[in-house]
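To start, the structure under review is shown below, and the notes come after it.
On a predicted model such as this, the values are computed, not experimentally measured, just so you know.
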Amino acid sequence: MTIRRLWPQSLVGQVILLVALALFVAQAINFGLLLRERNRLTLTGQTAPLAYRVVTALDQRADRTPERATARDGRPDRRQTRAARFLSTQPTLGGKPRPDVADRARDMLADMGLTVRQVIAAEDSRVMPLRRWERLRLRQGEAPDDRRVGRLQLAVEYDAGRWLLVEGRIGNRPPRFGGWLAGQTLILYIIVLAPLLWIGRRLARPLRQLTASAQQFARTGAADPVDERGPGDVRDLTMAFNAMRARIIAMLDEKDRMLGAIGHDLRTPLASLRVRTESVEDDAERARMSDTIEEMNRMLEDILSLARAGRSAESPQKVDLSALADAVVEDFIELGSPVTLADSARAVALVRPQQIRRALRNLIENAIVYGDRAHVSVAHEPGQVRITVADEGPGIAQDRMAEMLEPFTRLEGSRNRETGGAGLGLALVRAIMTEHHGELRLANRAEGGLEASLVLPA
Amino acid sequence: MMSDRPHLLLVDDERSIREPLAQYLSRNGFRVTAVDSAAEARVRLNANAIDLVILDIMMPGEDGLSLCRHIRETSEIPVILLTAKSEETDRIVGLEMGADDYVLKPFSPRELVARIKVIFRRVASGGQRVTAPDGATYAFAGWLLKSQERTLVDSEGVSLPLSTAEYNLMLAFATRPNQVLSRDQLLDITQGREANAFDRAIDNQISRLRKKIEPDPKNPTLIKTVWGGGYTLSAEVRKL
């Protein structure tokens, strides 16, 4: 779970993380190799002076050319005598044994053509005397290099039972490898990751815009075109998206134009019929005819509304849904319909009020037609507002609930067929609720009757 | 200007509506000239003394809105628009063009006649044109009345939708601030627009409105009762 949380979700994030990891692994391998090389170098640096001392000492050994060693300048070489001692037994070297130095020394001596019987090496922490230049600098007042300098001893059995012991300094340069690696990695990261980040942002911005535009389109049915920029393939994708968007919008516009034309063309003959009914002598007949025309007009209205659902021009606003329910119910009461409203507190939600009015009207009309009476109530619940319309009818069989939401479905038991409509009422309500990210819920009441609720996010 | 039989100019390209509607209006006491295009209508407007124009919006050639604008620019003749579209925008554009009223197709001819009579009554009673309430917003005492949406908006920006009757009453007050309106006047004004949606007593609607807009409905400060007179909206109203 932790790994999943650390793993970046974005494309650019993943690429950058991968590159960073790969760089780090490469750096680690690099570091390992360098460290090994460095150790070899250090070892050689420590061993070489000793090996040379061995060679020089053996070269100038007293038993071979004693007279020459002293005769050249009339006194024994102090450095030589201190740095190299000939022994007739194997010396015991104190401190930490250094077999690596011994092996290296044997190899070096072998390279120089000197075969020895045995080599041993060890280091201890005895402080070696200052070097000549260090003494000079110290005298001139410079601070001494305050470094602990250990002693490295090397004993070589160059003949059976004959040993040569030499000594030298070690470790006068502490390794600064860690900082070096960190610095190098940092520079590498800057050089590689900065351009990558730049490319990534170039890549991510149009993708983000594309996503936002697609989401906006899905939500509202309209969206601004996305700027065509970024790398080539992203630009291609954007262009394809824009073309698709333009085509869908053109189709939707065409649909709206067509619906407008249908609406106009059907309403004109309806209007004509409506005017002509006035010349019908029989009052009852005339009333029935105008009712039928009114009914056809309502159906037409429903069909057009349903077809236009999701492309509403009305903008959402903060609305007190209690006041809205009150206004809608009041209009029904004005017309003498049996509708009641339970008192409720202010319940504000962001909605398109005309559409919610429409949805609530449809529910109340259904309740009156199928359930004799409508009881409306508004409840402000955490995060949502619920407008409930309860009736006193027979309810709906549980297995037909879902079916009722489909267009052109009508409940067979309608007692009042001539006002039944086209069966678009609930489908329209559902479309309106979907547009509001809300929900239409139908349930049979325990005390009988159906309960239809508009649940809106608040 | 007005004779015994008011002269109506009916402009509609649809013969199936124009002819029966002309007949119906004639039977109901109007003199009717029916034409099928805006061009023909312009000719008749110049030649005859027309008292009111009934105008279809959707017509080939010059449309109703354009003709409506022309009429408004050149005269004070009232205009009623006929529209087959229910889209709000159409209605509002029509009223912004200076139409006095609009009727949605299919309409009841009786309702049309009722509206024509309301307009004539208004013209006769002083000629003050109440232009286009729809689309306008009225601001008073921290409230906004949006006529397009039939909604009151409070100072927090929350909409309180109104019922048809409440809205008509509120609009009557908002368009006549600080004017004492008797119950009969209110009935007349409000019923003119929505013929049958106003059967309950004015007092009942007043008290409903007070509940919505008064800080204390028991002691109203906005919609005041005038003893023996009626009601008045006691507030400065700005039309936005």
Side-chain angles (χ1 to χ4, degrees), chain A residues 256 259-279 286 290 293-294 296-298 300-301 304-305 308 313-336 346-354 356-357 360, chain B residues 12-25 27-28 56-58 82-90 103-113 146 148-154 156-167 194 196-200 204-205 208 211-212:
Chain A
D256 283 358
L259 289 173
I262 291 173
H264 177 262
D265 288 358
L266 285 180
R267 279 196 191 101
T268 301
L270 277 180
S272 166
L273 261 181
R274 184 67 185 82
V275 174
R276 284 168 200 275
T277 55
E278 295 300 329
S279 54
R286 192 180 58 233
S290 64
I293 292 167
E294 185 49 38
M296 282 172 73
N297 188 44
R298 282 236 311 276
L300 184 61
E301 201 70 36
L304 293 181
S305 302
R308 287 205 186 98
E314 195 186 3
S315 56
Q317 46 190 282
K318 282 191 283 178
V319 177
D320 178 1
L321 292 175
S322 291
L324 185 143
D326 180 59
V328 173
V329 169
E330 181 64 17
D331 278 343
F332 274 98
I333 293 173
E334 283 291 330
L335 296 172
R346 196 172 152 101
V348 179
L350 194 69
V351 297
R352 297 183 167 89
Q354 300 304 334
I356 300 299
R357 273 197 206 219
L360 184 55
Chain B
D12 196 327
D13 61 310
E14 285 291 335
R15 216 175 106 197
S16 63
I17 293 176
R18 191 174 66 237
E19 288 179 354
L21 186 57
Q23 277 175 27
Y24 180 82
L25 292 171
R27 281 206 305 275
N28 280 272
D56 185 24
I57 289 185
M58 287 269 279
L82 298 182
T83 173
K85 281 193 185 172
S86 56
E87 268 96 300
E88 299 283 316
T89 47
D90 249 40
V103 177
L104 277 182
K105 287 180 186 175
F107 52 89
S108 149
R110 285 156 197 258
E111 193 187 328
L112 179 62
V113 167
K146 290 187 166 180
Q148 182 188 341
E149 290 152 11
R150 310 200 154 199
T151 286
L152 273 171
V153 181
D154 69 12
E156 292 167 30
V158 174
S159 299
L160 303 176
L162 297 176
S163 75
T164 309
E166 288 165 354
Y167 163 75
E194 292 286 333
N196 52 8
F198 206 81
D199 293 328
R200 288 171 101 195
N204 195 345
Q205 298 301 334
R208 285 179 56 85
K211 255 185 227 161
K212 291 200 170 166

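- Asp154(B) and Lys212(B) are not joined by a salt bridge, as no carboxylate oxygen comes within less than 4.0 angstrom of a charged side-chain nitrogen.
- When heavy atoms are compared at a cutoff of 4.5 Å, Phe107(B) approaches chain A by way of both its backbone and its side chain.
- Neither the backbone nor the side chain of Thr277(A) comes within less than 4.5 Å of any heavy atom of chain B.
- Only the side chain of Gln317(A) has a heavy atom closer than 4.5 Å to any heavy atom of chain B.
- Using a 4.5 Å cut-off between heavy atoms, Asp265(A) does not touch chain B at all.
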Can you list the steps and then say if Ser272(A) with Arg15(B) is a side chain to side chain contact (heavy atoms under 4.5 Å, CB included)?
CA-CA 9 Å; Ser272(A) 166; Arg15(B) 216 175 106 197; over 6 Å; no
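- Taking every heavy atom of both residues into account, Ala347(A) and Ser322(A) meet most closely at N-OG, 3.9 Å.
- Side-chain N or O atoms of Arg18(B) include one that pairs as donor or acceptor with a backbone N or O of Asp12(B) at under 3.5 Å.
- Heavy-atom pairs under 4.5 Å with chain B were tallied for Ile293(A), Leu273(A), Leu304(A), Asp326(A); the largest tally goes to Asp326(A).
- Heavy atoms of Glu19(B) lying under 4.5 Å from chain A are absent altogether.
- Only the backbone of Leu162(B) comes within contact range of chain A, with at least one heavy atom under 4.5 Å from a heavy atom of that chain.
- Partners of Thr268(A) by side-chain hydrogen bond (donor to acceptor under 3.5 Å, both in side chains), not counting sequence neighbours: none found.
- When atom types are taken as modelled, the side chain of Asp320(A) and the backbone of Val348(A) share no donor-acceptor pair closer than 3.5 angstrom.
- For the options Glu14(B), Gln23(B), Arg27(B), Arg110(B), heavy-atom pairs under 4.5 Å to chain A are most numerous at Arg110(B).
- Between Arg274(A) and Glu111(B) no salt bridge is recorded (no basic side-chain N to carboxylate O distance below 4.0 Å).
- With a 4.5 Å cut-off on non-hydrogen atoms, Asn297(A) touches chain B through its side chain but not through its backbone.
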